[in-house]
Amino acid sequence: MLGAVSTLHQEASLLDKIRTKEAVVGVIGLGYVGLPFAVEAAKAGFPVIGVDQNQDRCDQVNGARNYIRDVDDTELKELVEGGKLVATHDFSRVPEMDVIVIAVPTPLTKNLTPDLTYVLGVTDELSRHLRAGQLVSLESTTYPGTTEGEMLPILERSGLKVEEDFYLVHSPERVDPGNIKYTTKNTHKVLGPVGPRSLEVAKAFYETTLDHIVVVSSASAAELVKVWENTFRAYNIAAVNELAMICDQLRLNVWEVVDAANSKPFGIMPFYPGPGVGGHCIPLDPHYLEHKAKELGITTEFIALAGKVNRNMPHFVVDKAARLLSDRAAKAVNGAKVLILGVAYKGDIDDDRESPALEVFRLFHERSAVLQYHDPFIPKTMIGDTLFESVELTDELFQSMDLVVITTNHSTVDYQGLIGQARLVLDTRGHTRTLGSFDNVVLL
Ligand code: SAJ
């Protein structure tokens with residue numbers, strides 16, 4: 001009986017601290033997910049302690065030196081100087097936290113299987129510092145069963161019991177880097193609990209910090225929602241990439257076909273072909289679902305196939321470029337002067353992780369093209385063991401190239417000028433189609 005009373009009292013006290021904003025919020029992992037969330041929690045009025053294994057990141061936060069484009073410099077400065085947000089390298093301050101949000105990477109191993117090293121490593125650290133009354137929320141993308149099946153037993157090594165002593169939920173991040181319309185604050189946030197008490201305290205917290213909460217029945221359901229979202233994207237991007245290869249042979253314009261298909265006001269949504277799929281999510285997350293399905297004895301044909309089609313796109317781009325150089329300029333790739341326009345994995349961001357543009361760059365390099373690149377967000381990049389530096393865009397540069405390949409559609413580029421000066425352009429992003437059609441421009 002006493003236990004039940006203390007449990008109820010404890011839940012009430014955490015709810016009170018959330019209501020009065022006295023609850024201390026810990027954010028473990030200060031990357032493209034964690035830092036924006038830490039800022040939102042601090043803006044909501046909570047004192048926030050960020051934890052990151054990278055001391056430089058902690059120093060940058062504590063010095064109010066922003067390193068995440070989606071975070072506003074001034075907001076970060078005000079919060080840090082106002083003492084609302086502080087970063088630390090270690091876990092010693094975990095007992096001060098009432099709410100602990102985990103936003104660490106969930107990469108793949110080289111065999112394309114889930115790598116939960118960061119998540120389980122952080123969980124192990126937390127189990128050593130966990131105290132009664134704390135809420136733990138995993139926001140990292142992972143396969144269903146991670147929060148309840150793998151994190152929970154580690155946390156209970158502390159001797160504390162979930163739902164009685166501490167609370168546990170999964171609330172997947174939905175950050176779309178560079179998206180200024182949909183932000184951490186206004187994007188609907190899915191929340192899946194391991195039990196009713198965990199739901200109650202987590203709902204109170206997230207409703208205080210973010211605009212919209214979508215509650216689902218369990219942590220596993222929430223995990224599956226997120227991997228499904230990104231698997232859905234990977235499928236559809238692969239399908240439209242395959243369509244691009246068909247259109248190439250049919251000598252049809254895939255962009256015209258896709259845009260016209262999207263004129264149907266129901267039953268379809270826009271996905272566009274490209275040089276491949278980059279970033280820390282779409283190329284990786286479907287393999288988390290594939291892993292779980294395999295454990296259940298289900299072979300996910302679509303996931304493997306989508307990955308294969310998307311990973312093949314850089315080869316398709318370079319082969320198409322080779323055909324263009326031969327047909328239009330009577331040149332081989334070997335020795336051709338080629339400008340790679342954009343190495344980030346998508347437009348207007350400074351992230352080149354898993355970028356297909358880098359694979360296109362590497363393939364041209366392997367075929368001995370004479371390469372230069374321009375990316376306003378990425379000043380230098382290694383291709384094999386060769387360091388390349390981003391070059392200034394000039395008319396002379398465009399005129400001197402045998403081929404310009406638009407691999408990332410950064411909005412900072414003067415595409416009209418490019419089209420006017422370049423001999424031959426391969427636009428893998430279809431960006432120039434909005435400017436008209438030009439003899440020297442070929443769309444993917
Ligand atoms: N891409 C295409 N064709 C498309 C859409 C995307 O080739 O029609 C390519 C992009 O160029 C990029 C890659 O796929 O290389 C991933 O694109 P993305 O827009 O999915 O970008 P991410 O990975 O930064 O963000 C995604 C989120 N994006 C959107 O929902 C629009 C979302 O799936 C997740 O919130 C986020 O990953 C995440 O953190 O999981």
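Ligands are counted one by one from 1 in listed order, and the atoms in each one are counted from 1 as well.
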Answer with side chain, backbone, both or neither: which part of [X] has a heavy atom less than 4.0 angstrom from an atom of ligand 1?
X      : answer
Glu354 : neither
Glu229 : neither
Phe232 : neither

To which protein heavy atom is [atom] closest, and what is the distance rounded to 0.1 Å?
atom                    : value
atom 39 (O) of ligand 1 : Glu173 OE2, 2.8 Å
atom 10 (C) of ligand 1 : Tyr345 O, 3.9 Å
atom 38 (C) of ligand 1 : Cys281 SG, 3.0 Å
atom 3 (N) of ligand 1  : Tyr272 O, 2.7 Å
atom 33 (O) of ligand 1 : Asn230 OD1, 2.7 Å
atom 21 (O) of ligand 1 : Lys346 NZ, 3.2 Å
atom 17 (O) of ligand 1 : Arg233 NH2, 4.2 Å
atom 11 (O) of ligand 1 : Arg429 NH1, 2.8 Å

### Query
To which of Thr187, Asp176, Val175, Asn409 does the heavy atom nearest atom 36 (C) of ligand 1 belong?
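The nearest heavy atom belongs to Val175.
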### Residue selection (non-hydrogen contact nearest atom 14 (O) of ligand 1) among Asn236, Val227, Ile237, Ile282
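Going through Asn236, Val227, Ile237, Ile282 one by one, Ile237 has the nearest heavy atom to atom 14 (O) of ligand 1.
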### Task
Would you check whether Thr141 has a nitrogen or oxygen atom less than 3.5 angstrom from a nitrogen or oxygen atom of ligand 1?
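Between Thr141 and ligand 1, no N or O pair is found under 3.5 Å apart.
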#### Entry: Heteroatom proximity flag, Gly278 to ligand 1, N/O under 3.5 Å
yes
### Message
Would you say the ring centers of Phe271 and Phe232 fall short of 6.0 Å from each other?
### Response
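Under 6.0 Å, so yes.
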### Message
Taking the cut-offs as 6.0 angstrom to the six-membered ring centre and 45 degrees off its axis, would you call Arg233 and Tyr272 a cation-pi pair?
### Response
no
### Task
Say whether, by atom type as modelled, one donor and one acceptor occur between the side chain of Ser171 and the main chain of Val190 under 3.5 angstrom.
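Yes, the answer is positive, given that a donor and an acceptor are paired below the 3.5 Å cut-off.
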### Query
Checking Lys320 side chain against Leu444 main chain: does a donor-acceptor pair fall under 3.5 Å?
no
Is a salt bridge present between [X] and [Y], judged by a nitrogen-to-oxygen distance below 4.0 Å?
X      : Y      : value
Glu295 : Lys292 : yes
Lys43  : Asp72  : no
Glu173 : Lys226 : yes
Lys346 : Asp351 : no
Glu354 : Arg311 : no

### Query
When the ring planes of Tyr345 and His280 are compared, do they come out parallel, tilted or perpendicular, using 30° and 60° as the limits?
perpendicular
### Task
For the pair Tyr373 and Phe388, evaluate ring-ring contact (aromatic ring centres under 6.0 Å, His included) and give the outcome as yes or no after the intermediate values.
CA-CA 8 Å; Tyr373 89 94; Phe388 287 85; 7.1 Å; no
Which atoms of ligand 1 sit under 4.0 Å from any heavy atom of [X]?
X      : answer
Arg174 : 35 (O)
Phe271 : 8 (O)
Pro177 : 24 (O), 25 (O)

